[in-house]
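One structure is given here, and the rest of the page talks about it.
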Amino acid sequence: MKEIAKAYTPQKYENSIYKKWEDSGVFTPEIDPNKKSFTISMPPPNATVTLHLGHATMLAIEDLMIRYKRMQGFSALWLPGTDHAAIATQNRVEKNLAEKGIDRHKLGRKKFLEEVGKFVEKSRDTIRKQIRKMGSSCDWSRERFTLDEGLTKAVREVFTRMYNDDLIYKGDRIVNWCPRCESTLADDEVEYKEKQEKLYWIKYGPFTLATTRPETKLGDTAVAVHPDDERYKDMVGKKYMIPGVLGEFEVIVVADKEVDPQFGSGAIKVTPAHSFTDFEIAERHNIPLKSVINEQGKMMDNCGKYAGMTTEECRKEIVKDMDKMGLIEKIEDFTHNLSVCYRCKTAVEPLVSKQWFIAVDKPVIQDGDKKISIKEKALKVVREGDIKIVPDRFNKTYSHWMENLHDWCISRQIWYGHQIPVWYCRDCNEEIVQTDDPESCRKCKSKNIKQDLDTLDTWFSSGLWTFSTLGWPKKTEDLKYFHPTAVMETGYDILFFWIARMIIMTTYALNEIPFETVYLHGLIRTRSGKKMSKSDPSTCIDPLEMIDKYGTDALRLSFLIGSTPGNDMRLYEEKIAGYRNFVNKIWNAARFSLMNIKEENLDEVFDPKRHINSRADKWILTKLQYLVKDVTKDIEKFRFSDAGTKIYNFTWSEYCDWYVELSKGQHLNPHVLVHVLKSVLRLLHPFVPFFTEVLWENLHEKKMLIEETWPEYDKSLVFVKEVEEMELLHQIISDIRKMRANYGVEPAKKIHAVIYAGKYKDFLEEKREPLTRMARLENLEIFDKGEKIEKAVCLFVGDLEIYLPLHELVDIEKEQKRLEKELENLVQFEKTLSSKLQNKKFVQNAPEDVVEKEKKRLKETRSGIKKIEEKLSEL
RNA sequence: GGGCGAUUAGCUCAGUUGGCUAGAGCAUCUGGUUUACACCCAGGGGGUCGUAGGUUCGAAUCCUACAUCGCCCACCA
C-alpha cells in the first residue's frame with residue numbers, strides 16, 4: 001500500500017538520521033541506579049588526523065556494542081574524545097610552519113603553542129564530523145580532550161602522588177634521543193630498521209676491534225672482553241694508552257658477560273655515554289662517562305676539529321684520518337638494525353641526559369600484607385582474570401612485555417603537552433611538586449621560581465583516559481556509575497603503548513581496573529595483504545570515499561563480517577559493494593512488505609494467537625527464534641562476525657528466498673511478513689544503524705529504532721514439526737528445479753509432476769499452490785503411493801517419490817547414467833555409515849544424538865538405494 | 001635469538017567443547033522480462049583443509065616435527 005524508493009540511497013538519509021538521533025538526546029545515558037551501566041571509552045584519535053580505516057573499524061565495532069547494550073536496556077555510555085598526541089602534533093605543526101619558512105625556536109614557546117592550538121581546534125572539528133559520519137552513537141556532551149582543564153588536573157594529581165610515593169624520580173640515565181624531535185623517546189617508541197652499513201676493523205692499541213660507529217671512539221673510556229676469553233685474560237684490569245685521531249687516550253680493560261667472544265675480535269670499545277649496552281657495562285664496572293654527541297646529534301666541543309659535525313660527517317672524516325694514521329685494518333659490509341624514531345624515522349642517538357622516570361619495580365601498592373610494584377599489580381589483574389583480553393593469546397604477549405618493562409622515561413623536551421608540574425626555586429634550589437601552580441617557594445618564600453620546561457609523555461595522560469574523562473580526581477557521579485568501563489576496544493598495535501599504561505596508571509591511582517575486557521581488532525590490509533599506507537594512495541582505501549560511494553552501513557559491515565579479533569583483515573572495494581547489495585536487498589524486502597500490507601495493519605502489534613496462519617509462518621518464526629538466540633550469544637561472546645553472518649544468511653536465504661517468495665501466493669500474511677522484518681531490523685540495527693532506522697520510520701514506528709528493545713528468544717514461537725515439513729517442501733522444489741535445469745527445460749515452460757507422498761500427502765496438498773508456482777508445474781498429481789512411471793525423470797526425496805514425465809526430453813541413456821552415478825554415491829555413503837555403525841567403539845563412545853543421527857541417515861540412504869535400484873531395473 | 005599468528009575452492013575468508021558427504025561472498029559457467037530487488041533470480045563446476053607422523057570410534061579442529069608467509073619482542077659492537 002505504501003511505496004518506497006526502488007533502491008536505498010544512503011546519501012539521502014544518513015546525515016538527517018544522525019541529526020535526529022543526536023538531537024533527541026539518546027546518545028546521552030542517564031545515571032539510573034535501577035539500570036546497569038555499560039561504558040566504552042573511545043580510544044581518542046590523535047588531534048591531527050583525519051579518519052582512516054583503523055578509526056572506522058574501531059568505531060564500527062564499538063558502536064555495535066553500544067547500540068546492542070543500549071537496546072538491552074543498559075545505561076550505555078560511549079565517551080568520545082581526542083588525544084593531543086604531543087610529538088605527532090608538534091611535528092605536524094612544525095612542518096606546516098617550515099613550509100612558510102618559520103622556525104619554532106624563532107617563534108618562541110608561547111606563540112608556537114598558540115599556532116598548535118589553532119591547528120588542533122580545526123583538526124578536531126574535522127575528526128568530530130567524521131566520527132559522526134560513521135554513525136557513532138557516542139555521547140558528545142561528555143566529549144573530552146587530553147589537554148582539557150579537568151584532564152590536566154588529573155595528570156598533575158597522579159604525577160604528584162607518584163612523586164610523593166617516590167615512584168617518579170629524576171635521574172641521569174642513558175635515554176633514546178631523537179635529534180630531530182630533540183626529545184627523549186620511550187623504549188617502545190623506538191623502531192628498528194634494517195640497514196646496510198660498514199663494519200670498520202680498527203687498530204686499537206694492543207687490540208683490533210670491529211665497530212660500526214668509529215666516531216664514538218672519541219667517547220671511549222674502556223675496552224670490554226668476555227670473562228672466559230683466553231685471548232685477553234691477562235689484559236683484564238689493566239690500563240692502556242690508545243692512539244687516536246686526537247692524540248692518545250686511556251682505557252681500562254674490563255671483563256663482562258655481555259660481550260660476545262664470537263663477534264668481531266671478541267673485544268669491544270666501550271662508549272658509555274652513547275650506547276645502552278656500554279652504559280650498563282660502565283655502571284657495573286664503575287667506568288667514567290664521556291659524552292661527545294649533543295642533543296642536536298652533533299659532535300660536542302670536546303671533539304676538537306670534529307666539533308659541530310653531525311655524527312655522519314664525523315664518521316667520514318674520522319675514518320679518513322684514521323686511515324691516514326694506518327689505524328684502519330679493513331672495512332666490511334654489514335647489515336645492522338638501526339634504531340629510529342617511531343614518529344619521524346630519524347636515527348635515534350642514545351645519550352645520557354637528566355630525565356624524569358617512573359620506577360616500575362618499586363613496591364608501593366598494598367596487596368594483602370605486602371607491597372607490590374605497579375608492574376606487578378598490572379600483571380596480577382590480567383593474570384587473575386580481573387581483566388580479560390580477547391583474543392586471549394594476547395595475555396602472553398602482554399605479560400611478557402610487562403615483565404620486561406624498565407623504568408619509564410616520561411619527560412619529553414617538546415613544548416606541546418602537559419608541562420611537568422615541578423617548579424624550582426632559583427634562590428634556594430627547592431624542588432616544588434604540586435597540583436596547583438605555586439606562587440612562591442614553599443621553603444624560602446621567594447617568588448623567583450620557574451617551572452620545569454619539559455612536558456610529559458603523551459601516554460602519561462592517555463593512561464588516565466578511562467577515569468580522567470569521568471571527572472577524577474573529583475568523586476563525581478559519573479565516575480561512580482560508569483567506572484570501571486566495560487570494554488576497551490582497540491587495535492592490537494597499541495596494546496603496549498596504551499592498554500598496558502592504562503592498566504598501570506588506573507590500578508595505581510584508583511586501585512581499580514580501567515576496564516573489564518580488552519577487545520583487540522586486527523589491522524586493515526590491502527587485498528594482497530600489504531599494509532595500507534597514506535604515502536601510497538594506490539593501496540589506500542579512504543573510508544570517507546567509500547561512505548560516499550556505498551554508504552556507511554555497507555562500510556561498517558565490511559569491517560564487522562569476515563574478521564576475527566586479533567587477526568588482520570584484507571579490505572577491498574568489491575567487499576564493500578557486496579554489503580551495499582545486502583543492504584539494498586533488505587530494503588527491497590521491506591519495499592515488498594510495505595506494498596503488501598494495509599496501512600492500518602501496519603499499526604497493529606503482532607499477536608501470535610491471531611496472526612499466525614500457516615506452517616510457513618510457523619517455520620519462519622521458528623527460524624527467527626533460533627536466530628535471535630544465536631546472535632545474542634555470539635555478540636555476548638564478542639563473535640560479531642558470526643552474528644552478522646547469521647543475520648545475513650537468515651535474511652537473504654530464508655526470509656527473502658523462501659518466505660517472501662511464499663508470500664507471493666496463498667501464504668501471504670502481512671502480519672508475519674512485517675513482524676519478521678521488524679525483528680531483523682532490530683537485530684541488524686547495531687551493525688547497520690542508518691538504513692534500519694530509515695525503514696523503521698517507514699514502518700510507522702513512533703519510537704526510533706535506536707531506542708527500541710533487543711529481541712528475545714520466545715519458546716512459544718518454536719515449531720519443530722512445521723520446520724521439518726517446510727524444509728521438505730524446500731527440498732522438493734529445489735530438486736525439481738535442479739532436474740529442470742539438468743534437462744534443459746526452458747524456465748518459462750511449465751511441466752507435469754506426480755508425487756507419491758506417503759504420510760506427507762495432506763501436507764503437500766495444502767502446499768499445492770507454492771509447489772506448482774515455485775517449481776513451475778502445470779499439473780501436479782499427489783498420491784500417497786503408486787506405480788512407477790516410465791519415460792519420466794524420477795527423484796527420491798526422503799521417502800517421497802517424484803516423477804517428472806518429460807516425455808520427449810527424457811533421454812533414457814542419460815537418465816540411466818544419472819541414476820547410476822547417484823546410486824554409486826549413495827552406495828559409497830552407505831558403506832561409510834554402516835561400517836561406522838558396526839564399529840562398537842563408535843556406538844559406545846560417541847554421544848547418543850550423533851549415533852542417532854547416523855542411524856537415521858543410514859536408513860534414508862538405504863531406502864534411496866532401494867528406490868534407485870528398482871527404477872534402474874525397469875529401464 | 002625468543003614468542004605469536006596464518007596456511008581451507010581461482011580470490012577474500014568463516015568453521016565455537018573433535019561429530020552432516022567441509023561452508024559463504026566474490027569470480028567463473030549455463031539459463032532467466034517470475035507480485036520487492038539485475039545492487040536481482042534459478043542452477044552448475046571448482047577443495048587430499050601446507051607437508052609428514054601421532055592420539056582417537058572419529059581430526060580442518062588436539063599433539064609432535066618440518067615448510068612457506070607475516071607480525072611482535074630482544075639485539076651485536
Side-chain angles (χ1 to χ4, degrees), chain A residues 3-4 6-8 188 192 199 209-213 216 224 258-260 262-264 267-271 275-278 334 336-337 339 391 393-394 396-397 400-401 404 492-493 495-496 522-523 525 527-529 550 554 561-564 566-572 574-575 577-596 633-634 637 639 641-642 645 648-649 653 656-657 660-661 663-665 668 734 737-738 740-742 744-748 773-774 776 825 828-829 832-833 836 839-847 849-851 853-854 857:
Chain A
E3 190 146 342
I4 55 172
K6 221 171 163 178
Y8 173 60
D188 49 0
Y192 295 91
L199 185 66
L209 44 80
T211 178
T212 52
R213 302 202 58 186
T216 60
E258 276 299 296
V259 183
D260 175 6
Q262 308 299 323
F263 188 90
I268 63 168
K269 59 188 212 57
V270 179
T271 323
S275 150
F276 277 84
T277 325
D278 294 6
F334 187 63
H336 171 75
N337 272 339
S339 45
R393 66 183 135 91
F394 281 97
K396 217 170 163 180
T397 324
H400 181 257
W401 183 86
N404 291 299
Y492 65 75
D493 53 329
L495 180 62
F496 306 140
L523 268 40
R525 297 177 171 279
R527 181 163 204 149
S528 55
Y550 301 104
I561 298 184
S563 67
T564 38
N567 286 342
D568 291 352
M569 188 187 133
R570 302 179 192 206
L571 185 73
Y572 41 89
E574 298 99 290
K575 205 186 246 181
Y579 291 116
R580 185 268 320 264
N581 296 353
F582 173 59
V583 165
N584 192 56
K585 182 78 184 173
I586 306 170
W587 178 268
N588 271 285
R591 184 171 130 92
F592 177 84
S593 303
L594 283 167
M595 286 165 89
N596 282 288
K633 196 170 133 199
D634 283 339
K637 296 198 162 176
R639 297 198 294 241
S641 176
D642 288 359
T645 309
Y648 183 101
N649 290 336
S653 313
C656 289
D657 288 352
V660 168
E661 288 307 316
S663 301
K664 291 177 181 172
L668 175 63
S734 285
R737 282 171 175 171
K738 270 180 216 169
R740 293 179 58 112
N742 201 351
V745 179
E746 281 169 44
R773 179 167 47 85
M774 293 170 79
R776 302 202 65 77
N825 246 335
Q828 190 56 42
F829 191 41
T832 319
L833 284 174
K836 205 172 185 182
N839 185 336
K840 278 190 188 129
K841 282 180 176 170
F842 170 72
V843 182
Q844 270 166 24
N845 295 328
D849 57 314
V850 174
V851 178
K853 225 189 260 171
E854 300 292 63
R857 284 165 61 195

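Being a predicted model, the structure only gives us computed values, none of them experimental. Proteins come first, then strands; the chains are lettered A, B, ... in the order of their sequence lines, and each starts at number 1.
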task = Verify the contact: side-chain N or O of A/Lys6 to OP1 or OP2 of B/rC37, cut-off strictly under 4.0 Å; return yes or no.
result = yes

inquiry  = Suppose we screen for side-chain hydrogen bond (donor to acceptor under 3.5 Å, both in side chains). Which residues come up paired with A/Tyr648, at least two apart in sequence or across chains?
reply    = none

inquiry  = If the cut-off is 4.0 Å, is A/Arg570 near the phosphate of B/rC13, judged by side-chain N/O to OP1 or OP2?
reply    = yes

query = What is the pairing partner of B/rU64, taking Watson-Crick or G-U wobble pairs with both distances under 3.5 Å in any strand?
reply = B/rA52

ask   = Between A/Arg591 and B/rC37, does any side-chain N or O lie under 4.0 Å from OP1 or OP2?
value = yes

Nucleotide of B/rC37, B/rG31, B/rU12 approaching A/Lys575 most closely (side-chain heavy atoms) = B/rU12

ask   = Out of B/rC37, B/rC75, B/rA36, which has the shortest distance to the side chain of A/Tyr192?
value = B/rC75

ask   = Nearest to the side chain of A/Arg737, which nucleotide is it out of B/rC4, B/rU16, B/rA42?
value = B/rA42

Contact under 4.0 Å: A/Thr277 side-chain N or O vs B/rC76 OP1/OP2 = yes

note = Ranking B/rC75, B/rG5, B/rC39 by distance to the side chain of A/Asn337, first place goes to B/rC75

message = Is it the case that B/rA36 (base atoms only) and A/Glu3 (side chain only) share a donor and an acceptor within less than 3.5 Å, ignoring hydrogens and angles?
response = no

note = Testing B/rC39, B/rC4, B/rA36 for proximity to the side chain of A/Arg580, the answer is B/rC39

query = Side-chain contact, heavy-atom cut-off 4.5 Å: A/Thr211 with A/Ile268?
reply = no

ask   = Do A/Ile4 and A/Leu594 touch side chain to side chain, with heavy atoms closer than 4.5 Å?
value = yes

key: A/Tyr492: partners by ring pair (Phe, Tyr, Trp, His ring centres under 6.0 Å), with sequence neighbours left out   = A/Phe394

note = Any strand, both distances under 3.5 Å, Watson-Crick or G-U wobble: B/rU33 pairs with none

key: Counter-base of B/rC69, judged by Watson-Crick or G-U geometry with both distances under 3.5 Å   = B/rG5

Show me the protein contacts with nucleotides 56-60 of chain B, counting only N or O atoms at under 3.5 Å.
residue: B/rC57; atom: O2'; partner: A/Asn839; partner atom: ND2; Å: 2.8

inquiry  = If you compare every side-chain N and O of A/Lys585 against the phosphate oxygens of B/rC41 (OP1, OP2), does one of them come in below 4.0 Å?
reply    = yes

ask   = So which nucleotide from B/rU16, B/rC4, B/rC71 ends up closest to the side chain of A/Asp642?
value = B/rU16

ask   = Does a nitrogen or oxygen in the side chain of A/Thr564 sit under 4.0 Å from OP1 or OP2 of B/rA14?
value = yes

5′-ward residue of the pair A/Phe276/A/Asn567 relative to RNA chain B = A/Asn567

key: A/Asp642 side, atom CG; A/Thr645 side, atom OG1 - distance, nearest 0.5 Å   = 6.0 Å

ask   = Do we get A/Lys664 above A/Phe592's six-membered ring, with its NZ or CZ under 6.0 Å from the centre and within 45° of the axis?
value = yes

query = Quick one: is B/rG43 close enough that its OP1 or OP2 comes under 4.0 Å of any side-chain N or O from A/Lys738?
reply = no

query = The side chain of A/Val850 lies closest to which of these nucleotides: B/rA14, B/rG19, B/rC4?
reply = B/rG19

request  = Please determine, for the side chain of A/Asn584, which listed nucleotide (B/rG43, B/rG15, B/rC37) has the closest atom?
outcome  = B/rC37

query = When we call it a touch if two heavy atoms are under 4.0 Å apart, what does A/Gly264 touch: a base, just sugar-phosphate, or nothing?
reply = nothing

message = If the threshold is 4.0 Å, N to carboxylate O, is there a salt bridge linking A/Arg527 and A/Glu574?
response = yes

task = Using both distances under 3.5 Å as the test, list the Watson-Crick or G-U wobble partner of B/rC26, or none.
result = B/rG10

ask   = Between B/rC41, B/rG5, B/rC37, which nucleotide has the shortest distance from any of its atoms to the side chain of A/Asp657?
value = B/rC41

message = The side chain of A/Tyr572 is closest to which nucleotide in this list: B/rG5, B/rC37, B/rU12?
response = B/rU12

ask   = Considering only heavy atoms and no angle criterion, is a donor-acceptor pair shorter than 3.5 Å present between the side chain of A/Lys664 and the base of B/rA36?
value = yes

request  = Report yes if some heavy atom in the side chain of A/Met569 is under 4.5 Å from a heavy atom in the side chain of A/Arg525; otherwise report no.
outcome  = no

